[in-house]
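Okay, so here's the structure we're looking at.
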There are 2 protein chains.
Amino acid sequence: MKLTPMMQSLVLHFGEMGSRWGLNRTLGQMYAVIVLTEAPLNADQISEALQISRSNVSMGLKELKSWNLIKLQHIPGDRKEYFSAPSDIWEIARTLVVERRKRELDPTLSTLRDALMEQPSNESDEYTQMRVQQMHDLMEMVTLWTNEMQGMSSEKLSALLKLGEGISKLLDVKDKLLLR
Amino acid sequence: MKLTPMMQSLVLHFGEMGSRWGLNRTLGQMYAVIVLTEAPLNADQISEALQISRSNVSMGLKELKSWNLIKLQHIPGDRKEYFSAPSDIWEIARTLVVERRKRELDPTLSTLRDALMEQPSNESDEYTQMRVQQMHDLMEMVTLWTNEMQGMSSEKLSALLKLGEGISKLLDVKDKLLLR
DNA sequence: TACAATTTTCACAAATTACTGAAAATTCAG
DNA sequence: CTGAATTTTCAGTAATTTGTGAAAATTGTA
């Protein structure tokens, strides 16, 4: 499978970004090619398109599966496995958010809770615990929020994000309503 | 500077997480010790606390400065430079969000725009462009949203996050109000 | 200005992470 | 059940990233 120049440059860019997104170069490139191609792709096609070894593709697919970012499908009369990305970009975004939260927040939340259970050994530990408490509360709110996001339809999510600066005004309105 | 066991374990944890947060182990540890200690710290203290070389600390501080995560201050009668984190945890969160956006979204947004300007070479490129458009729109909304966040006070931000599942209901209410 | 204290830079070394090819394991059509 | 097709694993290697010490640059006081 040969990539068009447009695809080529997008794939290269997503490769660069991959590492900044907690994935890595190859994973970024692989996901780019899967997301940006309409037809489901098999491992050999990805391997050829990106000029990387078949085994590397296998490992990458394993990782993408663990992120729930790809869908496996079969094509009648073909024994190979084909992969595609969700057609709804909001579904991809929701998945990315929840998976990153799992990896970036959940373990920390648990460590922070442990620290809060400990007995402070001196006044310095007391300050530490105070900060830990603040971080914990903040992260817990973010967690609740991302959970909420999981239950929202793409339409609703889109409407929420479109609010943009409106969110600030909406909050004010809410306060007014409750003050009555 | 010797770390208490509580600090020690928190610092180790934030080291582990550092790499998942787009920083790296040392940067995570450094920021943990700065955030969790009340008094401002100088490079030698950090170097000693984390058992890493003075030059490594210097590079780490440079990086933390570029993230706007630390404040430089001077202590009367001492020529050394001392660093501390903002006391408001929400300020730290806001900074993290905007800096990650700069690194993780802005460059991609620009690449996506470039791809949208190009002339599709065939129907496959047309599909690609359609997806690029979707990603672009989504990322632009997120950008607007994070900008909005920058202008919000810690109190308001906290109130917004506390809404939790309330946000969904609030959105419904908003629609009702507008439908009248 | 001179110089000691402090910070920064940078070439190299160490550590970590990613990639490959070969071999093992699995899958499924006949 | 067999065996060819396909996927996965894994040990070794390659590439990248991170950390160090020595030297250079900067800072600020006397």
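All chains are named by letter (A, B, ...) in the order of the sequence lines, taking the proteins before the strands, and each is independently numbered beginning at 1. Below, each value reflects all heavy atoms present in this structure, side chains not excepted, and no hydrogens, waters or symmetry copies. None of these values were measured; they are calculated from a predicted model.
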Checklist entry - End-to-end bend of the helix from C:dT1-D:dA30 to C:dG30-D:dC1 (five-pair axes, 10° rounding)? => result 30°

Next on the checklist: Run the side-chain contact (heavy atoms from CB on, under 4.5 Å) test on A:L27 and A:M59 for me, step by step, so that the C-alpha distance in whole Å, both residues' side-chain angles and the decisive distance to 0.1 Å come before the verdict.
Outcome noted: CA-CA 9 Å; A:L27 230 52; A:M59 292 190 299; over 6 Å; no

Next on the checklist: Please report the distance, rounded to the nearest Å, between CD1 in A:I52 and C1' in C:dA18.
Outcome noted: 11 Å

Item to check | Check: B:S47 side chain, B:I52 main-chain N or O, donor-acceptor pair, under 3.5 Å | outcome: yes

Item to check | Between C:dC19 (P) and A:E63 (CD): distance, integer Å | outcome: 11 Å

Checklist outcome for this item: Atom CD of B:Q51 and atom P of D:dG19 are separated, to the nearest Å, by 14 Å

Checklist entry - B:R20 side chain to A:R103 main-chain N or O, any donor-acceptor pair under 3.5 Å? => result yes

Next on the checklist: So B:N24, base contact, sugar-phosphate only, or nothing? Heavy-atom distance under 4.0 Å.
Outcome noted: sugar-phosphate

Item to check | d(CD1, B:I46; C1', D:dG19) in whole Å | outcome: 16 Å

Checklist entry - Is the backbone of B:E104 close enough, under 3.5 Å, to the side chain of A:W21 for a donor and an acceptor to pair up by distance? => result yes

Next on the checklist: Could you tell me how far apart B:H74 (NE2) and D:dT26 (P) are, to the nearest whole angstrom?
Outcome noted: 17 Å

Checklist entry - What string of B, S and - do you get for nucleotides 2-16 of chain D, 5' to 3', if B is base contact, S is sugar-phosphate-only contact and - is no contact with any protein heavy atom under 4.0 Å? => result --BBSSBB-------

Checklist entry - For the side chain of A:Q45 and the backbone of A:M1, is there at least one donor-acceptor N/O pair under 3.5 Å apart? => result no

Checklist entry - Could you give the distance from CG (A:L138) to CH2 (B:W90), rounded to the nearest 0.5 Å? => result 4.0 Å

Checklist entry - Can A:M30 and A:R25 be said to form a side-chain contact (heavy atoms from CB on, under 4.5 Å), step by step? => result CA-CA 9 Å; A:M30 283 181 60; A:R25 183 157 34 88; over 6 Å; no

Next on the checklist: Please enumerate all residues that pass salt bridge (charged side-chain N to carboxylate O under 4.0 Å, His left out) together with A:D137, with sequence neighbours excluded.
Outcome noted: none

